[in-house]
Trainee: 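Please read through the structure below; I'll follow up with questions.
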Amino acid sequence: MAIRDILVHLSEDPRNGAKTDMALQIAQRDGAHVTALYTLPPPQHLFYMGEYVPPEFYQRQIDEARAAAKKAKAEFEAAAARQGVVAEWVESERMPVDAIETYGRAFDLLVLGQPDPDPENPVLVPSGMDVLPHDISLRAGRPILAVPYAGSYPVVGRRVMVAWNGSREATRAVHDALPFLTKAEHVTIYCINADRSRGTPGAELARHLARHGVKVEVSNTVVDDIEAGEALLSAVSDRSIDLLVMGAYGHSRLREVVFGGVTETILSSMTVPVLLSN
């Protein structure tokens, strides 16, 4: 099983290079095709300018946005050529969530960036143009690989952790991640505060993955002094994990109760790429 078609979302974002490198790394490994979807920001009406805005003000923004897109295209195509990856470029004037949702359904994997979670940092992405990976996963129906807003990741998928709670979302994530799991050197199924009344949590999943040739260990932990998301982040660090696989949960408290809002915790504090599915 391999990934053959990857979509990477680019925009006026200083992390374009990191997202591109991630998509090309996976494409090179699996012999996949990469499409860059670049979303152009709409002209911004600055509040202090009053009701009348000269047309040339908007035109200047449009021209600058297209110049930025041209530069990003050249950088993307040069990176793909260096890696020997077949790639193409698509531009859209639609808002990113709508554009990714529409285009993304025809791909095996969507590579997106994590928005900068620090509200004190300067706004580097135009208003309305940032994308929350788990929102896309809820709408696009495709697995999302979220790239952290900081750091570099020359290797992804060598040591993988699966956040497992037996839910439908986690099940979908595991099976969407099989192209990574089957190539990993080591996979940990990590269960937090799991129900042991039906046997060892994660054991059935471990047997299933082993039949796919996946090298698996099951780790069960009980935490009561910290949130599950924090425990998961700590385990990722302690075990030198380079890819976390997890289900993406919506904002409903009922849907978040098993992991206690772990999706939000992980995506605001992620230190390694995260593969999400819903």
Side-chain angles (χ1 to χ4, degrees), residues 1 3 7 9 97 100-101 104-105 107-115 131-148 156-157 160-182 184 187-209 212 214 216 218-221 223 227-236 241 243-278:
M1 182 179 296
I3 294 168
L7 182 74
H9 173 242
V97 171
I100 298 167
E101 178 184 5
R105 288 177 177 155
F107 289 83
D108 296 324
L109 180 70
L110 312 184
V111 178
L112 310 178
Q114 173 206 22
V131 175
L132 297 178
H134 57 302
D135 285 349
I136 296 294
S137 71
L138 296 174
R139 294 177 59 170
R142 305 307 302 137
I144 307 295
L145 184 60
V147 182
V156 62
V160 183
M161 178 174 285
V162 174
W164 181 248
N165 64 354
S167 67
R168 181 192 69 81
E169 291 85 353
T171 301
R172 176 67 180 272
V174 168
H175 289 84
D176 281 343
L178 275 175
F180 291 94
L181 302 181
T182 55
V187 175
T188 299
I189 299 172
Y190 197 73
C191 308
I192 301 175
N193 297 341
D195 180 4
R196 296 175 179 267
S197 63
R198 298 183 180 180
T200 303
E204 291 183 356
L205 177 62
R207 285 193 292 271
H208 170 67
L209 292 178
H212 282 274
V214 180
V216 187
V218 178
S219 178
N220 279 280
T221 187
V223 297
E227 293 184 355
E230 295 175 359
L232 189 55
L233 288 169
S234 179
V236 164
I241 299 300
L243 176 65
L244 176 63
V245 175
M246 62 182 292
Y249 301 85
H251 296 287
S252 163
R253 178 59 185 163
L254 178 62
R255 299 181 67 187
E256 288 281 355
V257 70
V258 176
F259 265 171
V262 68
T263 309
E264 298 292 340
T265 299
I266 295 298
L267 291 182
S268 64
S269 305
M270 57 193 286
T271 54
V272 298
V274 178
L275 191 144
L276 297 158
S277 285
N278 175 264

Trainee: Assess the residue pair Thr271 and Ser269 against the criterion (side-chain contact (heavy atoms from CB on, under 4.5 Å)); give the C-alpha distance rounded to whole Å, side-chain angles, the decisive distance to 0.1 Å, and a yes or no.
Mentor: CA-CA 6 Å; Thr271 54; Ser269 305; over 6 Å; no
Trainee: Just verifying a value: how many Å separate Leu7 CG and Arg105 CZ, rounded to the nearest 0.5 Å?
Mentor: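 If I round to the nearest 0.5 Å, the distance is 13.0 Å.
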Trainee: Return the minimal non-hydrogen interatomic distance between Leu267 and Ala146, and the atom names on each side.
Mentor: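 Result for this residue pair: CD2-CB, 4.5 Å.
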Trainee: From His208 NE2 over to Leu178 CG, what is the distance, rounded to the nearest 0.5 angstrom?
Mentor: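 Nearest 0.5 Å value for the NE2-CG distance: 6.0 Å.
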Trainee: Side-chain contact, heavy-atom cut-off 4.5 Å: Leu244 with Met270?
Mentor: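 Contact flag for Leu244/Met270 side chains = no.
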Trainee: Please assess Leu109 against Leu275 for the test side-chain contact (heavy atoms from CB on, under 4.5 Å), listing each intermediate value before the final yes or no.
Mentor: CA-CA 9 Å; Leu109 180 70; Leu275 191 144; 4.3 Å; yes
Trainee: Would you please name every residue forming a side chain to side chain contact (heavy atoms under 4.5 Å, CB included) with Ala173, sequence neighbours left out?
Mentor: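 Counting only residues at least two positions away or on another chain, Ala173 forms a side chain to side chain contact (heavy atoms under 4.5 Å, CB included) with Val245, Ser277.
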Trainee: Distance-only, no hydrogens or angles: does the Ser268 side chain make a donor-acceptor pair with backbone N or O of Thr265 under 3.5 Å?
Mentor: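 Here the side-chain-to-backbone pair exists.
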Trainee: Which residues satisfy the side chain to side chain donor-acceptor pair (under 3.5 Å) test with Arg207, sequence neighbours excluded?
Mentor: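 If we apply the side chain to side chain donor-acceptor pair (under 3.5 Å) test to Arg207, skipping adjacent residues, there are no hits.
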Trainee: Within this structure, what is the CG-CD1 distance for the pair Leu233 and Ile241, rounded to the nearest 0.5 Å?
Mentor: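 The CG atom of Leu233 sits 12.0 Å away from the CD1 atom of Ile241.
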Trainee: What heavy-atom pair brings Gly166 and Thr171 nearest, and what distance separates the two atoms?
Mentor: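 The pair with the smallest heavy-atom distance is O-OG1, 4.3 Å.
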Trainee: How many angstroms lie between atom OH of Tyr190 and atom CE of Met246, to the nearest 0.5 angstrom?
Mentor: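 If we round to the nearest 0.5 Å, Tyr190:OH and Met246:CE are 13.5 Å apart.
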Trainee: Testing the basics here: between Ala163 and Leu232, what is the closest heavy-atom pair and its distance to 0.1 Å?
Mentor: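 The answer is CB-CD2, 3.7 Å.
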Trainee: With a 4.5 Å limit on heavy-atom distance, are the side chains of Val274 and Gln114 in contact?
Mentor: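 Side-chain contact under 4.5 Å: no.
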Trainee: Please tell me if the side chains of Leu209 and Val174 come closer than 4.5 Å, counting only heavy atoms from C-beta onward.
Mentor: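 Leu209 vs Val174: side chains touch.
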Trainee: Considering non-hydrogen atoms only, spot the tightest contact between Ile3 and Pro179 and give its length.
Mentor: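 Heavy atoms of Ile3 and Pro179 come nearest at CG1-CB, 3.8 Å.
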Trainee: Going by the side-chain contact (heavy atoms from CB on, under 4.5 Å) test, name the single residue among Ile144, Leu276, Leu145 that passes it with Leu112.
Mentor: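 That would be Ile144; it is the only one of Ile144, Leu276, Leu145 passing the side-chain contact (heavy atoms from CB on, under 4.5 Å) with Leu112.
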Trainee: If you take the centroid of each ring, where Trp contributes its six-membered ring, are His175 and His212 closer together than 6.0 Å?
Mentor: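 Centroid separation for His212 and His175: 6.0 Å or greater.
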Trainee: If you compare all heavy atoms of Val162 against all heavy atoms of Val187, which two are closest, and at what distance to 0.1 Å?
Mentor: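 That closest heavy-atom pairing would be CG2-CG1, 4.1 Å.
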Trainee: Could you pull out the closest heavy-atom pair between Pro143 and Asp108, with the gap in Å?
Mentor: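 Looking at all heavy atoms of both residues, the shortest contact is CG-O, 3.1 Å.
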Trainee: Using modelled atom types only, decide if a donor and an acceptor are shared between the side chain of Asn165 and the backbone of Ala170 within a distance under 3.5 Å.
Mentor: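 No, because the side chain of Asn165 does not come within donor-acceptor range (under 3.5 Å) of the backbone of Ala170.
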Trainee: What distance separates Asn278 CG from Ile136 CD1, expressed to the nearest 0.5 Å?
Mentor: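 Between Asn278 CG and Ile136 CD1, I get 12.0 Å after rounding to 0.5 Å.
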Trainee: Hey, are the side chains of Ser219 and Cys191 touching, using non-hydrogen atoms and a 4.5 Å cut-off?
Mentor: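 Result no, sub-4.5 Å side-chain heavy-atom pair not found.
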